[in-house]
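In this chain, residues are counted from 1 in sequence order.
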Amino acid sequence: GGAEGLEADKDLAGRILAHFKGSWQDAIQELNRQVHSDFAGVSQALAKEVLKAALTQLLLYYTRFLEVLKQLSPDILKDSVPTPSILYEMKKFK
């Protein structure tokens with residue numbers, strides 16, 4: 001039914017959000033290491049551009065995810081990572 005499906009969606013969204021909250025900083029650091037490793041023989045400027053583009057895309061997807069959560073269940077946002085925290089981490093890699 002509709003209500004049961006909505007509860008299942010909320011549960012899944014909560015699990016996704018909890019996973020993101022627990023792993024996003026390590027994932028960004030790993031992405032930074034991987035990009036710089038992959039572009040080591042080419043150009044550090046290019047590596048920075050690729051990293052910037054990837055992190056920008058991550059932030060866009062995360063912002064969209066938060067918008068969906070807000071419509072689904074605004075109370076779930078209390079467990080979200082604040083966007084300024086993500087921006088702060090992103091600036092470390094410029």
Side-chain angles (χ1 to χ4, degrees):
E4 292 155 1
L6 184 60
E7 285 305 313
D9 288 348
K10 285 182 185 179
D11 183 56
L12 177 59
R15 289 196 316 259
I16 292 169
L17 191 59
H19 176 75
F20 182 83
K21 188 175 185 176
S23 64
W24 71 275
Q25 286 174 304
D26 288 341
I28 286 176
Q29 290 174 355
E30 178 57 30
L31 179 63
N32 179 53
R33 280 191 295 274
Q34 190 65 49
V35 167
H36 283 289
S37 170
D38 290 350
F39 287 87
V42 187
S43 160
Q44 286 303 305
L46 181 58
K48 286 184 178 189
E49 283 302 310
V50 168
L51 183 62
K52 181 179 170 186
L55 292 174
T56 299
Q57 196 64 47
L58 169 71
L59 189 60
L60 287 172
Y61 283 130
Y62 182 68
T63 302
R64 289 180 192 156
F65 179 59
L66 292 181
E67 287 300 317
V68 170
L69 290 182
K70 193 183 299 182
Q71 294 172 12
L72 181 66
S73 177
D75 61 307
I76 204 169
L77 293 177
K78 70 184 182 325
D79 296 325
S80 66
V81 177
T83 304
S85 296
I86 297 172
L87 286 168
Y88 177 78
E89 288 296 319
M90 287 172 63
K91 287 179 182 174
K92 290 181 179 180
F93 298 111
K94 287 188 174 181

Exercise for the section: Indicate the ring-plane relationship of F20 and W24, choosing parallel, tilted or perpendicular according to the 30° and 60° boundaries. Expected result: parallel
Practice task
Could you grab the distance from atom CG of D38 to atom CG of L51, nearest 0.5 Å is fine?
Solution key: 11.5 Å
Practice task
Locate the shortest heavy-atom distance separating L17 from I76; write the atom from each residue and the value.
Solution key: CD2-O, 3.5 Å
Exercise for the section: Would you check if L58 and L31 make a side-chain contact, meaning some heavy-atom pair closer than 4.5 Å? Expected result: no
Practice task
Before accepting this row, confirm whether a basic side-chain N of the pair R33/E30 lies closer than 4.0 Å to the acidic partner's carboxylate O.
Solution key: yes
Handout entry: Within-4.5 Å side-chain heavy-atom neighbours: D11 and R15
Key = yes
Practice task
Using the rule that two of Ile, Leu, Val, Met, Phe, Trp, Tyr join whenever any of their side-chain heavy atoms come within less than 4.5 Å, decide whether L87 and Y62 are in one cluster.
Solution key: yes
Practice task
Tell me whether L12 is reachable from V81 by hopping between hydrophobic residues (I, L, V, M, F, W, Y) whose side-chain heavy atoms are closer than 4.5 Å.
Solution key: yes
Fill in the blank from the handout: So CD of Q71 and CG of L66: to nearest 0.5 Å the spacing works out to 11.5 Å
Completion exercise
Correct closest heavy-atom pair for A40 and Q44 would be CA-NE2, 4.0 Å
Handout entry: In one Ile/Leu/Val/Met/Phe/Trp/Tyr side-chain cluster, 4.5 Å: L60, I86
Key = no
Problem - Nearest non-hydrogen partners of T56 and M90, listed with the distance - result: N-CE, 3.8 Å
Handout entry: Shared hydrophobic cluster, L77 / L59 (ILVMFWY, side-chain heavy atoms < 4.5 Å)
Key = yes
Exercise for the section: Kindly compute the distance separating CZ (F65) from OG (S80), expressed to the nearest 0.5 Å. Expected result: 9.5 Å
Fill in the blank from the handout: Scanning both residues in full, the closest heavy-atom pair of L69 with A13 reads CD2-CB, 3.2 Å
